[in-house]
Amino acid sequence: MNSAPEYFETIRQRAQGRWGQLEADPELAGPWHQLFNQVQSPRHVLSELLQNADDAGASKAAVRVDNGHFIFEHDGEDFTEEQFESLCRFAYSNKRSLHTIGFRGIGFKSTFSLGNCVKLFSPSLSVCFFKKRFTLPDWIPGDSPKSDLTRIQVEIGNENVATDIKKNIDEWLKNPVSLLFFKNVRRMRINDEEVHWGSIGPGPVVNSEWMALNEDVGKEYLLIQSNEEPFPDDALEEIKNERSLTVDNEAEFPPCRVEIVLGAKGHLYVVLPTGVETELPFACNAPFIQDPARLKIKDVEMSPTNCWLLNRIGTLAASAMLQWLNQTDSQTIERAPAYGLLPDVDREKQSLEG
Ligand SMILES: Nc1ncnc2c1ncn2[C@@H]1O[C@H](COP(=O)(O)OP(=O)(O)OP(=O)(O)O)[C@@H](O)[C@H]1O
Ligand SMILES: [Mg+2]
């Protein structure tokens, strides 16, 4: 028989109290449900779970749809009390690093788009959450599947959802660029297939590396990273405003880097792909501030952080190109691909993508 950790009951009661308050005051509950509904999209589930797995230090993750159940597993650290507490709240994150999005405390809630009941098993936890009161954990008594892994399991609600999630899983198989941006997750098993990135040698400029997907050396990708830089003041101000918690220590936002991948399509990533498809000849990854639905990034005009990050990406691409071209001791044919970094874009375009 598995028993709940000591902290479980306190956290459960706190969540229950919050629902009591909310249900007594529809005006208070309205925005909660609205935000909750905004994150209900099956196409975000896998990305969000991977993100959390990466933050938990997982090196491997696996996803499958088995007998009407969505099952996601990873080998990261078990939940601490603080992390579990944060999971049982809404729009409250205990994460600080801005390498990843992981700071709004809503990602996990996207799993309810798959079905009514979300089960979570970890070495110390066996709980389920129901959509109706999505932050209230129920302990699952009885023998839990004993494992060192963390597992999130949802019985899929209906055929449409099943189709959506299968499609999303297939998209990951076809375009696993995000995996390059994770800190820890390097390998992913998708149904019965394995996806991983491997290095095939140092790149032509500093902080760059040639990468191949699943040992396919016929198609090379060049990952170029910037140095880490501290956020400027106006960006810090914006980030603090974006977070629902008050942050009193600015040092808690560590400096961040931006990354580009030559060879991948021009999408903007916040580790995970956003809906912004640019005409740039490389993919860009940075801790952009996103809209709650995570469709795009916050408009550059409104966001000093995004403006600063895009600027850094431009500078990174340009300086990499110049450095590459200036390597006069290597052959012209080795330097010519540097022009691949030169974007052929419409400079008059006023949209976000432009
Ligand atoms: N696999 C996991 N291992 C450990 N802790 C986790 C895991 N998944 C979630 N958590 C905890 O639950 C909290 C809520 O997760 P959730 O994905 O909802 O928000 P977040 O990752 O903090 O921010 P975001 O909205 O950007 O996803 C996290 O802050 C973390 O403390
Ligand atoms: Mg998350």
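Below, all heavy atoms of this structure are taken into account, side chains as well, without hydrogens, waters or symmetry copies. Remember, it's 1-based here, ligands and their atoms both numbered in the order they're listed.
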Visitor: Tell me whether D54 contacts the main-chain N or O of N184 through its side chain, where contact means a donor paired with an acceptor under 3.5 Å.
Guide: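 Yes, because the side chain of D54 sits within donor-acceptor range (under 3.5 Å) of the backbone of N184.
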Visitor: Would you name the heavy atoms of V177 and A264 that are closest together and state the gap between them?
Guide: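 Minimum heavy-atom separation between V177 and A264: CG2-CB, 3.9 Å.
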Visitor: Can you check whether S86 has an N/O within less than 3.5 Å of an N/O in ligand 1?
Guide: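 So ligand 1 has an N or O lying under 3.5 Å from an N or O of S86.
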Visitor: Suppose I only count heavy atoms of A56 and a 4.0 Å limit; which atoms of ligand 1 are within that range?
Guide: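 Matching atoms, with element in brackets: 3 (N).
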Visitor: With heavy atoms under 4.0 Å as the rule, classify the contact between E48 and ligand 1 as side chain, backbone, both or neither.
Guide: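 The answer is the side chain of E48.
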Visitor: Mark up the atoms of ligand 1 that fall under 4.0 Å of a heavy atom belonging to F108, in ascending order.
Guide: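 Counting from 1, the qualifying ligand atoms are 16 (P), 17 (O), 18 (O).
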Visitor: Answer yes or no as to whether an N/O/S atom of N52 is found below 2.8 Å from the Mg ion (ligand 2).
Guide: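 N52 does place an N, O or S atom closer than 2.8 Å to the Mg ion (ligand 2).
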Visitor: Mind checking whether N52 has an N or O less than 3.5 Å away from an N or O of ligand 1?
Guide: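 Yes; the residue has a nitrogen or oxygen that sits under 3.5 Å from a nitrogen or oxygen of the ligand.
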Visitor: Give a yes-or-no answer on whether the side chains of Q13 and E9 include a donor-acceptor pair shorter than 3.5 Å.
Guide: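 The criterion, which ignores hydrogens and geometry beyond distance, is satisfied for E9 and Q13.
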Visitor: Do W19 and T135 get their side chains close enough for a donor-acceptor pair, meaning under 3.5 Å?
Guide: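 Their side chains do contain a donor-acceptor pair, which is all the 3.5 Å distance test asks for.
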Visitor: Do side-chain atoms of W197 reach the backbone of P176 as a donor and acceptor pair under 3.5 angstrom?
Guide: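 Between the backbone of P176 and the side chain of W197 there is a qualifying donor-acceptor contact (under 3.5 Å).
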Visitor: Which atoms of ligand 1 sit under 4.0 Å from any heavy atom of L87?
Guide: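 Here the atoms of ligand 1 in question are 9 (C), 12 (O), 13 (C).
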Visitor: Using a plain distance cutoff, I'd like to know if G107 has any nitrogen or oxygen under 3.5 Å from a nitrogen or oxygen of ligand 1.
Guide: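 By distance alone, the answer is yes.
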Visitor: What do you reckon, does H74 put a non-hydrogen atom under 4.0 Å from ligand 1?
Guide: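 Heavy atoms of H74 do come under 4.0 Å of ligand 1.
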Visitor: On a heavy-atom basis, I'd like to know which of E77, Q51, Q83 is closest to atom 11 (C) of ligand 1.
Guide: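 Among E77, Q51, Q83, the closest heavy atom to atom 11 (C) of ligand 1 comes from Q83.
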Visitor: With distance as the sole criterion, is a donor-acceptor pair present between the side chains of T305 and E238 under 3.5 Å?
Guide: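 Judged by distance alone, the side chains do pair up.
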Visitor: For S113, which of V161, V45, D164, I165 qualifies under side-chain contact (heavy atoms from CB on, under 4.5 Å)?
Guide: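 The option that passes is V45.
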